[in-house]
*Asks:* 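First, the structure itself, so that you have it in front of you.
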Amino acid sequence: MGDKPQKATAFVDWYLATVEAAGLTDKRYPVKGMNVWTPYGFRARRELDRVMVREIESAGSVPVEFPTLIPQTEFQKEGEHIKGFDAQVYWVTKGGESPLDVPLVLRPTSETAMYPVFSLWIRSHKDLPLNVYQIVNTFRYETKTTRPFLRVREIHFFEEHTCQVDEAAATERVRSNLEAFAAMAKAFALPFVPVRRPEWDKFPGAFYSVALDIPLGGGRTLQIGSVHHYRENFSRPYQIAYEDREGEQRYVHQTTFGLSERLLGAIVAVHGDDKGAVFPTSVAPHQVVIVPILAGGNAEMVGTFAAGLERRLSARGVRVHLDDSEERPGAKYYRWETAGVPLRLEVGGREAAAGSVTVVDRLGGKRTLGPAGLEEAIDGALRTYDQQLYERALTAFRSAFSIARRLEELGASETVRLLSWCGKESCGRAIETAIDGSLLGTPEGELPIAVGAPGPCLVCGESNDALWALAGRPM
RNA sequence: GGGACUGUGGGGUAGCUUGGUCCAUCCUUCGGGGUUCGGGACUCCGAGACGCCAGUUCAAAUCUGGCCAGUCCCA
């Protein structure tokens, strides 16, 4: 296989090799951008979904599921939206042999599927807020190079859609979504920065968009989700209106919150190292793998102890896997390190005799635990591992940003740049040209690194209304 | 939309310039046997590929044309 690509020197090749070696996906399916979820990858995705479901439901959202096909007539009702998506939707134009009177689109996102029905569901202020989400596949005809999890044509999509009584309530829902995402990101050990996108880069049809960006090193960024405020931009064309307490008809203010399997790609990209993937315990298909080490005549004793250990941990709710395959221990170590398993328990003659285990975590720590309080100690080791993983990611996150004070500093930037921007599109475009990337927008809330007040705009020198903005090179 | 490049077992590759020495190289993988087992074991036996279609030729992985697929650059 030759030399494996290194994360620091060949990031994209490293990412592809790491995803492949971990066995998360099979990209040989003969349609571009549509990959197979393998058993291992599917379990990781399922755990990821569980975290999203837990957080969004505790924020008051309920699950629904709308159909995959959307009639062209509904799809076209909002002008900006159709302009934004027209070039990348799949069309269903025939039913059997017959052309369809009204062509159908495979949903690229579900606004236009849901909103005609929302207008039927919502009559009164008592029907609000409406907070629903679904986890479904969506389809976008990507023209650029596709990559597993990061850019695909069939997307495993989480989308929340809400209807609120007014703009303030919708703004509050945006804030609530950002808070829910912060909890998810913590579970995934992924530091992120919410960024309000500039006007020219917002979601088609949105009033404004807040993207969830993470730095990948080398000045690259990855958008792993977004929260949008639609104001009345969709409720007017789709006639989603309610009667308020005073008997007035009002349009709802809407928001959406979208995430996808990009999160899984981000987890691999951020936490992985030159040995392979590194999973936080929240998404690891196996949180713990037990490797029995057989020698001489101890196979039965070691086997019995290992099997008992698997039962004890499983009974506590730990996702544990006993690797009793025929390979030698060293080969198993490599296999499970490549697959990103947080904790490996080595169990040989010494451990079986003492009732203890040798624990090696994916970040390199090694110690002996037990026999007393063994299960609790393993729980503790998992928690410690997650903390260390998060600390490591946070350190990388902080060093991924730096301040730029002059336009000339943006060329070939190896970090995401924090800079002063007056808000004008012409200046934003000049910044994008200088960095050969994007003006990501203005961070919401706390800045990723501590700085003072913004100075004059890097391009025009205007000081009034200048804000801190981020610029980088999106993957 | 314009241009450049690339397609060889499951994965990665050598061979292509100059057709024959190729029923195709090496690593990995897969099936079976044996010895092993505290960081990718060794060994024996076996399996598996020239993107597709045409053409040139005594002879095509190699040359020509078309198609398909993919990658990169530019708009």
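Throughout, protein chains are lettered first and strands after them, A, B, ... in sequence-line order, and every chain is numbered starting at 1. As a basis for the values below, the full set of heavy atoms in this structure was taken, side chains included, without hydrogen atoms, waters or symmetry mates.
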*Asks:* Atom NZ of A/Lys27 and atom C1' of B/G10: how far apart are they, to the nearest Å?
*Replies:* 12 Å

*Asks:* Would you tabulate the nitrogen or oxygen pairs shorter than 3.5 Å linking the protein to nucleotides 73-75 of chain B?
*Replies:*
none

*Asks:* Is the ring centre of A/Tyr334 under 5.5 Å from the base ring centre of B/G40, and are the two planes under 30° apart, so that they stack?
*Replies:* yes

*Asks:* Can you tell me the Watson-Crick or wobble partner of B/A14, both distances under 3.5 angstrom?
*Replies:* none

*Asks:* To the nearest angstrom, how far is A/Asp323 atom CG from B/G40 atom C1'?
*Replies:* 14 Å

*Asks:* Could you identify the nucleotide paired to B/G31, looking across every strand shown and requiring Watson-Crick or G-U wobble geometry with both distances under 3.5 Å?
*Replies:* B/C45

*Asks:* What nucleic acid atoms does A/Lys332 come within less than 4.0 Å of, heavy atoms only: base, sugar-phosphate, or nothing?
*Replies:* nothing

*Asks:* I'd like a table of donor-acceptor pairs (distance under 3.5 Å, sequence neighbours excluded) in which one partner is a side-chain atom from residues 199-208 of chain A, with atom names and distances.
*Replies:*
residue: A/Glu199; atom: OE1; partner: A/Lys202; partner atom: NZ; Å: 3.0
residue: A/Trp200; atom: NE1; partner: A/Glu432; partner atom: OE2; Å: 3.4
residue: A/Lys202; atom: NZ; partner: A/Ala206; partner atom: O; Å: 3.1

*Asks:* If a protein heavy atom is under 4.0 Å from the base, mark B; if only from the sugar-phosphate, S; if neither, -; do that for nucleotides 30-37 of chain B going 5' to 3'.
*Replies:* ------BB

*Asks:* Return whichever of A/Lys366 or A/Pro30 has its heavy-atom-nearest nucleotide of RNA chain B closer to the 5' end.
*Replies:* A/Lys366

*Asks:* Mind checking who B/U6 pairs with, Watson-Crick or G-U wobble, both distances under 3.5 Å?
*Replies:* B/A69

*Asks:* Considering only atom C1', compute the distance from B/C5 to B/C16 and round it to an integer number of Å.
*Replies:* 16 Å

*Asks:* Any strand counts, and the cut-off is 3.5 Å on both contacts for Watson-Crick or G-U wobble. Which nucleotide pairs with B/C22?
*Replies:* none

*Asks:* Let me know which of A/Arg312, A/Arg316, A/Arg311 forms a salt bridge (charged side-chain N to carboxylate O under 4.0 Å, His left out) with A/Glu375.
*Replies:* A/Arg312

*Asks:* Which nucleotide in the set B/G70, B/G38, B/G11 lies at the smallest distance from any side-chain heavy atom of A/Arg28?
*Replies:* B/G11

*Asks:* For a quick check of understanding: with a heavy-atom distance under 4.0 Å over all strands, which category does A/Arg147 fall into, base, sugar-phosphate or nothing?
*Replies:* sugar-phosphate

*Asks:* So for A/Glu20 and B/G12, does any side-chain atom that can act as donor or acceptor lie under 3.5 Å from a complementary atom in the base?
*Replies:* no

*Asks:* Name the pairing partner of B/G40, where a pair is Watson-Crick or G-U wobble with both distances under 3.5 Å, or state none.
*Replies:* none

*Asks:* Under 30°, 30 to 60°, or over 60°: which ring-plane class applies to A/Trp37 and A/Phe149, parallel, tilted or perpendicular?
*Replies:* tilted

*Asks:* B/U64 pairs with which nucleotide, Watson-Crick or G-U wobble, both distances below 3.5 Å?
*Replies:* B/A54

*Asks:* Between atom NZ in A/Lys32 and atom P in B/A69, what is the gap in whole Å?
*Replies:* 11 Å

*Asks:* Establish whether the base of B/G38 is bridged to the side chain of A/Glu351 by a donor-acceptor pair shorter than 3.5 Å.
*Replies:* yes

*Asks:* Would you call A/Glu20 and A/Lys27 a salt bridge, taking side-chain N to carboxylate O under 4.0 Å as the test?
*Replies:* yes

